[in-house]
Amino acid sequence: MGKNLTKRNVDFSKWYNELVIKADLAEHSDVRGSMVIKPYGFAIWENIKDILDKKFKETGHVNAYFPLLIPKSYLSKEADHVEGFAKECAVVTHYRLKNAEDGSGVVVDPTAKLEEELIIRPTSETIIWASYRKWIQSYRDLPLLINQWANVMRWEMRTRLFIRTSEFLWQEGHTAHATRTEAVAEAEQMHDVYADFAQNYMAIPMIKGVKSDSERFAGALETYTIEALMQDGKALQAGTSHFLGQNFAKAFDVKFADKEGKEEFVWATSWGVSTRLMGALIMAHSDDEGLVLPPALAPFQSVIIPLFQKDETVNEKLLAEAEVIAKRLRAKGIRVQVDKDDQKRPGFKFAEYEMKGYPTRIVVGPRDLENGTVEIARRDLKNKTSVNNADIETTIEALMTEIQENIFKKAVDFRTENTTEVKTYDEFKKAIKNKGGFVVANWDGTEQTEDRIKSDTKATIRCIPLEGSKADGPCVYSGNEAKYKVIFAKAY
RNA sequence: CGGGGUGUAGCGCAGUCCGGUUAGCGCACCUGGUUUGGGACCAGGGGGUCGCAGGUUCGAAUCCUGCCUCCCCGACCA
């Protein structure tokens, strides 16, 4: 645990990498692009997972588990889908190792070659739809609303802790419906679930919108996305929900008999969020002292630190008092930890809990015992106040709400400051180059314009906002009639 | 896939150019003691196939050849 975290304005990327390590969230494994998620990082993910899982169940979904390995032939059944993922698939070709003849270790046994190679899932549409084919015969079997929590693997060229690792954890919902309307409604519903979660728990404001043709999920008719803005001015796609039409039903021949006994292909959706959310959480709120976590997701919302002295009887009292406070807070549903370590000095501990983003810190020293007080520090504002012992619960409870709201507001303000509406391409280029952030502009709706802007400025269309205003002038690039007013940004 | 870097104790690094006792340093760890209201200190201690393979040499972490790893930046990417 070092004390020198690179400053954000010096090298944001370096800051991020160091922070993930120093806050003890994750570390690199020996395999390129894959990471070990450490207990503290995993605790945050578990909170994300638990809350979302509850929301999925409240909206009528059930969990299941489908296999990691997918027959290679499955992948090619949906043309756009294979096109989108083929380049980044890990392939299992053998099922046995043997001792090397020169004693140097183990080697692949060439006689154990698989008849049909297996793909490590980059996503599970294909294997799930192969099952759905068997499960769906009648309109009575619909809708089928299934989610799975799983790991997937995409052999990305360049990786980044949490933001893009070769293996990552996620959830993927896969639903089947009798009608187009119902499937679209499902995709939209989950889009809302994601946006609400991001806003209310992660404290990150999201732009809700749909993807342009070129950014759409491989095999989807419509991709709903939530887009967040990070502190370095780059956008991060935080969650997507896809209306898949009948593409997968047709590819996997999944038909049902409707009420009239007529055979129809089912309508599908899929939706997912991943450990990438961790990256969003880190880059949206944290500062040069370390992680800043919203109380709603922090593994511990407070830590109680007794200031141990050389006098053992005093220490016993301090620890006893800390335990009493912890008990009182737990009774109010606060997640709290007592730091019993008597070796490290207070200053070290303060810095460490700040690095790890604990929303509040409660310090109990001999003076507090005498005065009947504690010192409460909040992470987001980095201030400290003395609080009467009797007021601890109400103070901490109020702080949970305040901190949650404050960091959300801060993120909203940041986004507002870093959103620029432009009318001319000169303004556009200047905004992207000098300021970054979201750039709002009219777009003629063509892929050609999108491509040109991308190769010119590296900015892409993040989304066509659902609640944005209509096009109100010519396309910022081509000068032709604009179809939409969209959000551009450089993205992760 | 291009560019850059890297591999020596759990972690971070020095040593390599210019080969030579027992391979160092900081942090961490263990023992004892003093400390504890913003990153403590003293004393003692343990821990190493120097990325891998081959070569040169009386002698290789150091020189030569080949290979590999991982990281960072970029291109790529729902």
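Sequence lines set the chain letters: A, B, ... in the order given, protein chains first and strands last, and positions in each chain run from 1. Just the heavy atoms: all of them, side chains too, but no hydrogens, waters or symmetry mates, feed the values below.
- None of A/Glu222, A/Glu450, A/Glu227 except one satisfies the salt bridge (charged side-chain N to carboxylate O under 4.0 Å, His left out) rule with A/Lys211; the exception is A/Glu227.
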Quick one: the dot-bracket string of RNA chain B, using Watson-Crick and G-U wobble pairs with both distances under 3.5 Å, [ ] for crossing pairs and | for bases paired to another strand. (((((.((.[[[[.)....(...]]]].((((((.....)))))).....[[[[[..)....]]]]]).)))))....
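- The phosphate of B/C71 (OP1 or OP2) has a side-chain N or O of A/His28 nearer than 4.0 angstrom.
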Please output the side-chain donor-acceptor pairs of residues 317-325 of chain A that fall under 3.5 Å, not counting sequence neighbours, one pair per line with the distance.
{"residue": "A/Glu321", "atom": "OE2", "partner": "A/Asn389", "partner atom": "ND2", "Å": "2.6"}
{"residue": "A/Glu323", "atom": "OE2", "partner": "A/Lys340", "partner atom": "NZ", "Å": "3.3"}

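- A donor and an acceptor atom never sit less than 3.5 Å apart when one is taken from the side chain of A/Lys458 and the other from the base of B/G74.
- In this structure, A/Thr240 reaches the bases: a heavy-atom distance under 4.0 Å links it to at least one base atom across the strands shown.
- Each of A/Ser214 and A/Leu369 was matched to the nucleotide of RNA chain B holding its nearest heavy atom; the match closer to the 5' end belongs to A/Leu369.
- Of the side-chain N and O atoms in A/Arg158, none sit less than 4.0 angstrom from OP1 or OP2 of B/A75.
- Classified by interplanar angle (parallel below 30°, tilted 30° to 60°, perpendicular above 60°), the ring pair A/Phe197/A/Tyr201 is parallel.
- The base of B/C71 is not paired with the side chain of A/Arg32 by any donor and acceptor separated by under 3.5 Å.
- Counting non-hydrogen atoms under 4.0 angstrom, A/Gly84 reaches nothing in the nucleic acid.
- One interatomic measurement links the two molecules: NZ of A/Lys87 to C1' of B/C1, which rounds to 13 Å at whole-angstrom precision.
- B/C72 sits 25 Å from B/A9 when the C1' atoms are compared, rounded to a whole Å.
- Toward the 5' end of RNA chain B, the nearer of the two residues A/Val152 and A/Arg367, judged by each one's closest nucleotide, is A/Arg367.
- Contacts of A/Asn17 with the nucleic acid, taken as non-hydrogen atoms under 4.0 Å apart, involve only primed sugar atoms and P, OP1 or OP2.
- With ring centers used as reference points, A/His174 lies 6.0 Å or more from A/Phe248.
- In this structure, A/Gly33 reaches the sugar-phosphate backbone alone: every heavy-atom distance under 4.0 Å involves primed, P, OP1 or OP2 atoms, never a base.
- Here the side chain of A/Lys384 is nearest to one of B/C76, B/G38, B/G37, namely B/G38.
- Nucleic acid contact class of A/Arg276 (heavy atoms, under 4.0 Å, all strands): none.
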Begin with the C-alpha distance, continue with both residues' side-chain angles, and end with the deciding distance and a verdict on ring-ring contact (aromatic ring centres under 6.0 Å, His included) for A/Trp271 and A/Phe56. CA-CA 11 Å; A/Trp271 30 275; A/Phe56 297 158; 5.1 Å; yes
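- Here A/Glu375 lies in heavy-atom contact (under 4.0 Å) with a base.
- Look at A/Arg345 and you won't find any side-chain N or O under 4.0 angstrom from OP1 or OP2 of B/U36.
- Counting distance only, with no hydrogens placed and no angle test, the side-chain atoms of A/Glu354 and the base atoms of B/G38 include a donor-acceptor pair under 3.5 Å.
- Counting only heavy atoms from C-beta outward, the side chains of A/Leu291 and A/Tyr40 approach each other to under 4.5 Å.
- For A/Ala351, counting side-chain heavy atoms from C-beta on, the closest listed nucleotide (B/G39, B/G37, B/C73) is B/G39.
- Atom-to-atom distance recorded for A/Arg379:CZ and A/Ile407:CD1 is 10.0 Å, nearest 0.5 angstrom.
- Nucleic acid contact class of A/Asp30 (heavy atoms, under 4.0 Å, all strands): sugar-phosphate only.
- The side chain of A/Arg164 sits closest to B/C77 out of B/G37, B/U36, B/C77.
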